[in-house]
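See below for the structure under consideration.
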Amino acid sequence: MTSATHSSSFPAGADSADAVLLGLDPEQRQVATTLRGPVCVLAGAGTGKTRAITHRIAYGVRSGQLMPASVLAVTFTNRAAGEMRGRLRSLGAGGVQARTFHSAALRQLQYFWPKAIGGDVPRLVERKVQLVAEAGARCRIRLDRGELRDVTGEIEWAKVTQTVPSDYPAAALKAGREAPRDMAEIAQIYGTYEQLKRDRGVIDFEDVLLLTVGILQDRHDIAEQIRTQYQHFVVDEYQDVSPLQQRLLDLWLGERDSLCVVGDASQTIYSFTGATPDHLLNFRTRYPQATLVKLVRDYRSTPQVVHLANGLLGQAKGRAAEHRLELVSQREPGPDPVYAEYPDEPAEAEGVALRIRDLIAAGVPAGEIAVLYRINAQSEVYEQALADAGVPYQLRGAERFFERGEVQKAILALRGAARSGGNDPLLDDVVELGSQVRAVLSATGWTAEPPAGSGAVRDQWESVAALVRLAEDFARSRPGATLADLTVELDERRAAQHAPTVQGVTLASLHAAKGLEWDAVFLAGLTDGMIPITYAKTDEQVEEERRLLYVGVTRARHHLTLSWALSRAPGGRPSRRPSRFLNGLRPGSAAPGGRAGGPAAERTPRTRGRRGPTLCRVCGRTLTEAGELKLMRCEDCPSDMDEGLYERLREWRAGQAKEQGLPAYCVFTDKTLVAIAEAAPSEEGELSMISGVGGRKLDRYGADVLAICAGQEPGGGQPDDA
């Protein structure tokens, strides 16, 4: 058994402080015995950092150098704080306070408020979303559910970075924030939200920190009372502190330096919430006399997993990369990471599910297996594949796909359209099932283009987009299927995925997996555009995506599988590329120096047939995607489109859609307009040959379209009942 996995308790009857040090490795022992002055512990994934700092506190208490009540240990989650308290109790240091920043600040605020302010502490609003919604309404700004969550997140970010409402637009712009609404609107909502809280005498969680900071700054007597109480501080996950948390920590410390911080800049993945590794990276600049200890002995993962993790960070750039830790595995060798390439996403999910079933059959508990992906919308295909394979699963940090509000709303709209049969004006002349689905969902507010940014609005869009893709795949596999058939299929999928589960395989996003570990980890969907995600634009954003993948790799103890799909749907053009972060690491890929390494990655043969042999009119390649079939060419083949004609057609379509009260999509899709602009038909026969121009649409819009193509003014489409 490795030292990091020993029980935290020391031998019964062993009263000496040295008993606490038993089983620690040399670096962990250095952390435990360095009790004076500032200490900075750079601790890599799986290196036993919690063990080191809890034994440090226990050693100080048992040696008489630290009084239990004088120590405050802070971390970032209630789970981590609870784990720390449990370990300290088992080590004989149960009197030590181990809390989150918010918990410690709230306790102090409640105690000192009557003395500093007078009266009772204002009521704490646990869910600020409703108040933000009211603030938006007062500003005459309507926010949907996703926007509400995102604007609330922006307000939280502003507060932890100590940005007042009037300064928000400039600060957000400087920080490169992808704001969910106009920044001036958010500033207005933020200001109104703060006023509403003052009017009602309530505070939020960020106020707990802000008010505590304010009291400690204004009342030196109270600050000194706290400093007398707490003389030694330990901060875990120090790479995740926000400027506001750092300010509070500074006030707790005063002029003293009895501080031990623990962190890993390579695991900074929450910068969007205001977290920054700068305080960790600047620690020795601020405290030149600080003791620096590096924990690099990895007790969690096999040498094969650690080698990949080190290689991943070896290509990183930026300041955090300069401080990366080269981990050294302390475990026996295990299997090499498996790299699996699949033709499409369903095949990838099926392959992952079958591998998981084999692992369970070989004795790996289902609860010790995880499938990790970049965004929650990716879960559906894995929920389905595991259900089909009879493998129990549980989602972490998200609702099951069919339980998500936006998915339920979309299915409700599809079910309503299916019941109306051919009498729904939205579906008039829309024959293809995939187009019908898009038309119905467009009427609910969904758009084909994703929203900017990475918040709740984007998450909801991705979930509905996944439902659209599911519908398109169903239509491809069932030619002639109707909306009613689709809703039956969705109901069956929902029922299959909602079978009662016991302990099962964990499905989670990479963010939700932070701090956890499993015997076997499957990192799925590792394509460029997903990891790094498409909206990671700046170098720093891309590097944070690399760190996110590093966190995923280091969750695995023994088995690690990395997979990707070359296309989204069966029979699709294999245009996707494996994540750039795997270049030089995955077998057969070119390293930065130009050499390809390792044997070829596993390739799973195509198991689903292609569509009929429709050829690209430019390069002659077989076309499979619906959009390409409409254009009669590959997406990336040169277009001979008349740009001016295309713009005139778009303007005309917008007018028609507005006049008829329909989404523009229901007049003609973008792809159909492109096809028309490329063909520039001069007579009805040529126009009718273009995919998406059916008989009724030819009757209704044909004269207008041909007039526009001829450079003439359209005479107006036929009435709806024509």
Side-chain angles (χ1 to χ4, degrees), residues 1-6 8 21-34 38-56 59 75 80 87 234-240 260-269 277 279-284 287 290-334 336-337 513-518 521 543 546-558 560 581 585:
M1 185 178 289
T2 63
S3 62
T5 57
H6 284 153
S8 291
L21 305 178
L22 294 176
L24 298 183
D25 67 31
E27 294 78 27
Q28 292 171 342
R29 181 181 286 253
Q30 184 184 2
V31 173
T33 56
T34 307
V39 178
C40 180
V41 183
L42 299 180
T47 57
K49 66 179 178 63
T50 305
R51 178 178 174 80
I53 58 177
T54 52
H55 281 245
R56 177 183 190 270
Y59 178 74
T75 186
R87 292 200 191 196
V234 176
V235 184
D236 194 10
E237 302 287 4
Y238 193 56
Q239 78 278 354
D240 287 334
C260 175
V261 300
V262 188
D264 180 7
S266 297
Q267 296 189 67
T268 304
I269 59 173
H279 305 299
L280 176 66
L281 299 178
N282 294 336
F283 193 83
R284 295 194 73 196
Y287 299 105
T291 300
L292 177 67
V293 184
K294 295 183 179 181
L295 302 184
V296 297
R297 300 173 195 252
D298 187 327
Y299 297 96
R300 175 187 299 158
S301 305
T302 62
Q304 288 79 3
V305 173
V306 167
H307 177 72
L308 175 57
N310 286 336
L312 190 60
L313 287 189
Q315 299 177 12
K317 303 171 185 176
R319 191 158 178 239
E322 295 171 5
H323 296 265
R324 71 183 183 88
L325 299 167
E326 188 83 14
L327 299 178
V328 181
S329 175
Q330 305 300 296
R331 294 193 56 173
E332 293 295 320
D336 287 330
K514 177 76 163 62
L516 304 174
E517 58 186 79
W518 295 270
V521 169
E543 285 305 311
R546 186 194 304 275
R547 295 194 294 269
L548 191 56
L549 182 56
Y550 172 79
V551 165
V553 168
T554 55
R555 300 309 94 195
R557 298 190 193 107
H558 193 73
L560 178 63
F581 298 146
L585 302 175

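Below, each value reflects all heavy atoms present in this structure, side chains not excepted, and no hydrogens, waters or symmetry copies. Bear in mind that the values here come from a model prediction, so they are computed numbers and not experimental data.
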Would you please name every residue forming a side chain to side chain donor-acceptor pair (under 3.5 Å) with [X], sequence neighbours left out?
{"X": "Asp336", "result": "none"}
{"X": "Asp236", "result": "Lys49"}
{"X": "Glu27", "result": "Arg297"}
{"X": "Asp298", "result": "none"}

For [X] and [Y], which heavy atoms make the closest approach, and how far apart are they?
{"X": "Ser329", "Y": "Pro303", "answer": "OG-N, 3.2 Å"}
{"X": "Tyr287", "Y": "Pro38", "answer": "CB-CG, 3.8 Å"}
{"X": "Ala32", "Y": "Tyr59", "answer": "O-CD2, 3.4 Å"}
{"X": "Ala45", "Y": "Arg555", "answer": "CB-NH2, 3.9 Å"}
{"X": "Asp264", "Y": "Ala43", "answer": "CB-O, 3.2 Å"}
{"X": "Leu295", "Y": "Thr47", "answer": "O-CG2, 3.3 Å"}

With distance as the sole test, does [X] use its side chain to make a donor-acceptor pair with the main-chain N or O of [Y] at under 3.5 Å?
{"X": "Ser301", "Y": "Val306", "result": "no"}
{"X": "Arg546", "Y": "Leu313", "result": "no"}
{"X": "Gln304", "Y": "Pro337", "result": "no"}
{"X": "Gln28", "Y": "Ala52", "result": "no"}
{"X": "Thr291", "Y": "Val39", "result": "no"}
{"X": "Arg56", "Y": "Thr34", "result": "yes"}

Problem set entry | Tyr550/Gln267 under side-chain contact (heavy atoms from CB on, under 4.5 Å): CA gap, chis, key distance, verdict | CA-CA 8 Å; Tyr550 172 79; Gln267 296 189 67; 4.1 Å; yes

Problem set entry | Verdict with reasoning, Val305 to Arg331, per side-chain contact (heavy atoms from CB on, under 4.5 Å) | CA-CA 10 Å; Val305 173; Arg331 294 193 56 173; over 6 Å; no

Please report the interatomic distance [atom1]([X]) to [atom2]([Y]), rounded to the nearest 0.5 Å.
{"X": "Glu237", "Y": "Thr268", "atom1": "CD", "atom2": "OG1", "value": "9.5 Å"}
{"X": "Leu549", "Y": "Leu308", "atom1": "CG", "atom2": "CG", "value": "7.5 Å"}
{"X": "Leu22", "Y": "His55", "atom1": "CG", "atom2": "NE2", "value": "9.5 Å"}

For this session: Among Asp240, Val261, Thr75, Ile53, find the one that has a side-chain contact (heavy atoms from CB on, under 4.5 Å) with Val235.
Result: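 Considering Asp240, Val261, Thr75, Ile53, a side-chain contact (heavy atoms from CB on, under 4.5 Å) with Val235 is found only for Val261.
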
Problem set entry | Sole candidate of Val553, Leu312, Asn310 that passes side-chain contact (heavy atoms from CB on, under 4.5 Å) when paired with Leu585 | Leu312

Quick one: list whatever passes side-chain contact (heavy atoms from CB on, under 4.5 Å) with [X], sequence neighbours left out.
{"X": "Arg29", "answer": "Leu21, Leu24, Thr33"}
{"X": "His279", "answer": "Tyr238, Val241, Gln246, Thr276"}
{"X": "Leu292", "answer": "Cys40, Leu42, Arg284, Lys294"}

Exercise. In chain order, what residues pass the salt bridge (charged side-chain N to carboxylate O under 4.0 Å, His left out) check against Glu326, with sequence neighbours excluded?
Worked result: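 Counting only residues at least two positions away or on another chain, Glu326 forms a salt bridge (charged side-chain N to carboxylate O under 4.0 Å, His left out) with Arg324.
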
For this session: Using the test salt bridge (charged side-chain N to carboxylate O under 4.0 Å, His left out), find all partners of Arg547 that sit at least two apart in sequence or belong to another chain.
Result: Glu540, Glu544

Exercise. With a cut-off of 6.0 Å (strictly less than), are more than 12 heavy atoms of other residues, nucleotides or ligands near NE2 of His323?
Worked result: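 More than 12 within 6.0 Å, yes.
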
For this session: With Arg300 as reference, evaluate Glu517, Gln330, His558 under the side-chain hydrogen bond (donor to acceptor under 3.5 Å, both in side chains) test and give the passing residue.
Result: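 Among the candidates, only Glu517 passes.
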
